[in-house]
Amino acid sequence: MDRNPSPPSSNDEEEDVVPGDSIRNTVYSKHWFFSVLTKLIEVVSSKEDESELNNVEEQLELDEELENDICKVWDMSMDKDVALFLQEFNAPDIFLGVFAKSKSPRLTEICVGILGNMACCQDICLSISKHENLGQMVLQRLCDSDSPTLLETSRLLLTCLCHSEVANIWVERIRQSPSVYDCVCFIMSSSTNVELLVKIGEVVDKLFDLDEELMLNWIKKGSCQSVEQPADDSPDELPNFKIVPCLLEAVKQICTDKSSEGFDVYMHILQLLTTVDEGVQAIVQTPGNGKETWTLLYDLFCHELCQPDDPPIVVHEQKTVLASTLSVLSAIFASQTIYGHRHEYIKMEKNMPLIDSLIRVLQNMDECGKRSVESSNKPKSEEAKKLGTAEEDFHFKILKDICCELLSNVLQELSKENILEGLKQSHLNEQKCSCAFKNLLPLYSSPVENFLEVLNEADQVLADNLKKAFPSLRLQA
């Protein structure tokens, strides 16, 4: 059986709509909806009575006919007219009863999914969000053990958080519900369902973007046991979660699935953490976190993103994930100076591939800029349209700034031995150094001069050529 059967066709004999029975401007029958929702109420009530009578706690299978019908409602609820009709019929209150009484994970999933569709309508989203009992029950669904239900719950939450009129209601509700943190961390650290990990990541990303105070609270939560959770819905004996390891576990799982969308989301969450001092400390000052974060992002940047055989336009397509990834790497690298100690996992002799990759990003950005100029007077192909916006693209400029900042910091830390090895492995040469200098100067003249001084000891000919190409450096050297 299909997971979501198609909506009932108006040509189906049993579904023919009589005049006056259709929902607003649709061909869907009010009578059919009444019968399905009434049946839903009756089934949930009868199952509850049966469970209480027999003291049954196990999950119950959903009747196939009811499942087909309620799945049709799920599909049709994407229609705004149908969603408004369901709202008028008090469907959210019916679903509240389902959440409280149902022992069927499939039925719970479908009802949350219908609410998620209904919430796409702004007025309904406002009504759902202001329904305190329903809001609390939705948050409790995050403690569910059923992945499909968790996925639909995450989708519903994200939909509500994306509505500016109600976002603060949900942020405050989540602040007042300590179990949400534990349940979200449990999902990120243990789920193998990549679709769920991506969606819950989008929820966390939106929450942190909306409310820095909540982000700070979640960063700090790992230092003390969280408040007790509802016993009926929580995973048993939850450990003392810390946000950074949970995020990294999710990233590793997503990477096994090659989900670029999910990777973008989690890199942005980590980037948001580095915008506050507490977030940087959570990454670099907790045993294992800094090393694991640096190693994971270093490998992804150097071996997965913007590779040598990729066309230059890739850097434009990957600009957001590159900016987030490099921003986190830059924060970890810079923290060595801020906190006054070296991170043993950042070994300069192993950072030549990082320098090579950073210069490659800058080379590709330069190439995109050249192509956009060359194509300015020609008919616009799809690639040309992308290139044409490259120089004006805010995110493109942000990427360049972050890339240059990290490159300047790494270059000035290189020793003569590091540079000799980089030249030997072709991570450095005159063309690459020229590209780096062109992008770093004049803002980062001091780090460039420090690098050039050490380069002069390793390869005087190359250093002299660069001085000739960049006269301002020759005068200052």
To the nearest 0.5 Å, tell me how far Asn289 CG sits from Leu248 CG.
6.5 Å
Can you tell me how far CG of Leu305 sits from CG of Leu297, rounded to the nearest 0.5 angstrom?
9.0 Å
Would you check if there is a donor-acceptor pair between the side chains of Ser191 and Gln253 at a distance under 3.5 Å?
no
Distance-minimising heavy-atom pair for Val276 and Ile219:
CG2-CD1, 3.9 Å
Side chain proximity check, Met365 to Lys319, heavy atoms < 4.5 angstrom:
no
Kindly compute the distance separating OG (Ser22) from OH (Tyr28), expressed to the nearest 0.5 Å.
12.0 Å
For Thr320 and Met267, run side chain to side chain contact (heavy atoms under 4.5 Å, CB included): C-alpha distance rounded to whole Å, both residues' side-chain angles, the deciding distance at 0.1 Å, then the answer.
CA-CA 9 Å; Thr320 54; Met267 287 305 99; over 6 Å; no
Distance-only polar pair, side chains of Gln136 and Glu132, donor-acceptor under 3.5 Å:
yes
Have Ser335 and His343 got a donor and an acceptor in their side chains that come within less than 3.5 Å?
yes
Are the side chain of His268 and the backbone of Glu202 linked by a donor-acceptor contact shorter than 3.5 Å?
no
If I take atom CD1 from residue Ile402 and atom CG from residue Leu407, how far apart are they, to the nearest 0.5 angstrom?
13.5 Å
So that I can tick it off, tell me whether Glu152 and Arg141 are bridged by a salt bridge, with the cut-off set at under 4.0 angstrom between side-chain N and carboxylate O.
no
Is a donor on one side and an acceptor on the other found under 3.5 Å between the side chain of Thr108 and the backbone of Ser104?
yes
Run Phe33 and Phe85 through ring pair (Phe, Tyr, Trp, His ring centres under 6.0 Å) and show every step you take.
CA-CA 9 Å; Phe33 273 89; Phe85 171 77; 5.7 Å; yes
Pairwise distance CG(Leu247) to OG1(Thr293) - rounded to 0.5 angstrom:
9.0 Å
For Gln307, does its backbone N or O pair with a side-chain atom of Asp310 as donor and acceptor, under 3.5 Å?
yes
Look up atom SG in Cys306 and atom CG in Leu326, then write down how far apart they are to the nearest 0.5 Å.
9.5 Å
Which atom names give the shortest non-hydrogen contact between Leu142 and Ser154, and what distance separates them?
CD2-OG, 4.3 Å
Strictly under 2.5 Å separating the two SG atoms? Check that for Cys183 and Cys143, please.
yes
Indicate the atoms forming the closest heavy-atom contact of Lys72 with Trp32, along with that distance.
CB-CH2, 3.6 Å
Using 4.0 Å as the upper bound for N to carboxylate O, is an ion pair formed by Lys252 and Glu292?
yes
Tell me, do Leu86 and Met118 make a side-chain contact under 4.5 Å, heavy atoms counted?
yes
For the backbone of Ile346 and the side chain of Tyr298, can you confirm whether one donor and one acceptor N or O come within less than 3.5 Å of each other?
no
Find out whether Val180 and Trp218 are in side-chain contact, i.e. whether some heavy atom of one side chain is under 4.5 Å from a heavy atom of the other.
yes
Are Asn117 and Arg155 close enough that a side-chain donor and a side-chain acceptor fall under 3.5 Å?
yes
Looking only at atom types and distance, does a side-chain atom of Asp146 sit under 3.5 Å from a main-chain N or O of Thr149, one as donor and one as acceptor?
yes
Is a side-chain donor-acceptor pair under 3.5 Å present for Gln281 with Asp277?
yes
Out of the candidates Val321, Val251, Val204, only one should pair with Tyr266 under the side chain to side chain contact (heavy atoms under 4.5 Å, CB included) rule; please name it.
Val251
Distance-only, no hydrogens or angles: does the Ser129 side chain make a donor-acceptor pair with backbone N or O of Leu126 under 3.5 Å?
no
Is the number of heavy atoms from other residues, nucleotides or ligands under 6.0 Å of Glu195 CD greater than 12?
no
Can you find a pair of side-chain heavy atoms, one from Leu273 and one from Val280, that are under 4.5 Å apart?
no
Nearest heavy-atom approach of Cys403 to Leu362 is SG-CG, 3.8 Å
If only side-chain N and O atoms count, and only distance matters, is there a donor-acceptor pair under 3.5 Å linking His131 with Asp93?
yes
State, with a plain yes or no, whether a side-chain heavy atom of Ser324 is found less than 4.5 Å away from one of Leu270.
no
Any side-chain heavy-atom pair of Met188 and Ile243 under 4.5 Å
yes
Would you confirm whether Ser77, through its side chain, and Trp74, through its main-chain N or O, come within 3.5 Å as a donor-acceptor pair?
yes
After noting the C-alpha distance and the side-chain angles of Asp144 and Thr153, does the key distance pass the side chain to side chain contact (heavy atoms under 4.5 Å, CB included) rule?
CA-CA 10 Å; Asp144 209 296; Thr153 303; over 6 Å; no
Candidate pair Val112 and Leu151, rule side chain to side chain contact (heavy atoms under 4.5 Å, CB included), full reasoning:
CA-CA 9 Å; Val112 177; Leu151 177 60; over 6 Å; no
Which label fits Phe95 and Phe99: parallel for a plane angle under 30°, tilted from 30 to 60°, or perpendicular past 60°?
tilted
With a 4.5 Å heavy-atom cut-off, do Val315 and Phe396 have their side chains touching?
yes
Please report the shortest heavy-atom distance between Cys111 and Val98, naming the atom on each side.
SG-CG1, 3.8 Å
Salt-bridge present (Lys221, Asp182; N to O < 4.0 Å)
no
Heavy-atom closest pair, residues Cys121 and Leu84
SG-CD2, 4.1 Å
How are the rings of Phe89 and Phe34 set to each other: parallel, tilted or perpendicular (split at 30° and 60°)?
tilted
Check ion pair Glu109-Arg106 (N to O, under 4.0 angstrom):
yes
Walk me through whether Asp69 and Leu40 qualify under side chain to side chain contact (heavy atoms under 4.5 Å, CB included).
CA-CA 10 Å; Asp69 285 343; Leu40 175 61; over 6 Å; no
In terms of heavy-atom contacts, does NZ of Lys39 have more than 12 from other residues, nucleotides or ligands at under 6.0 Å?
yes
So do Lys206 and Val203 actually touch side chain to side chain, heavy atoms under 4.5 Å?
no
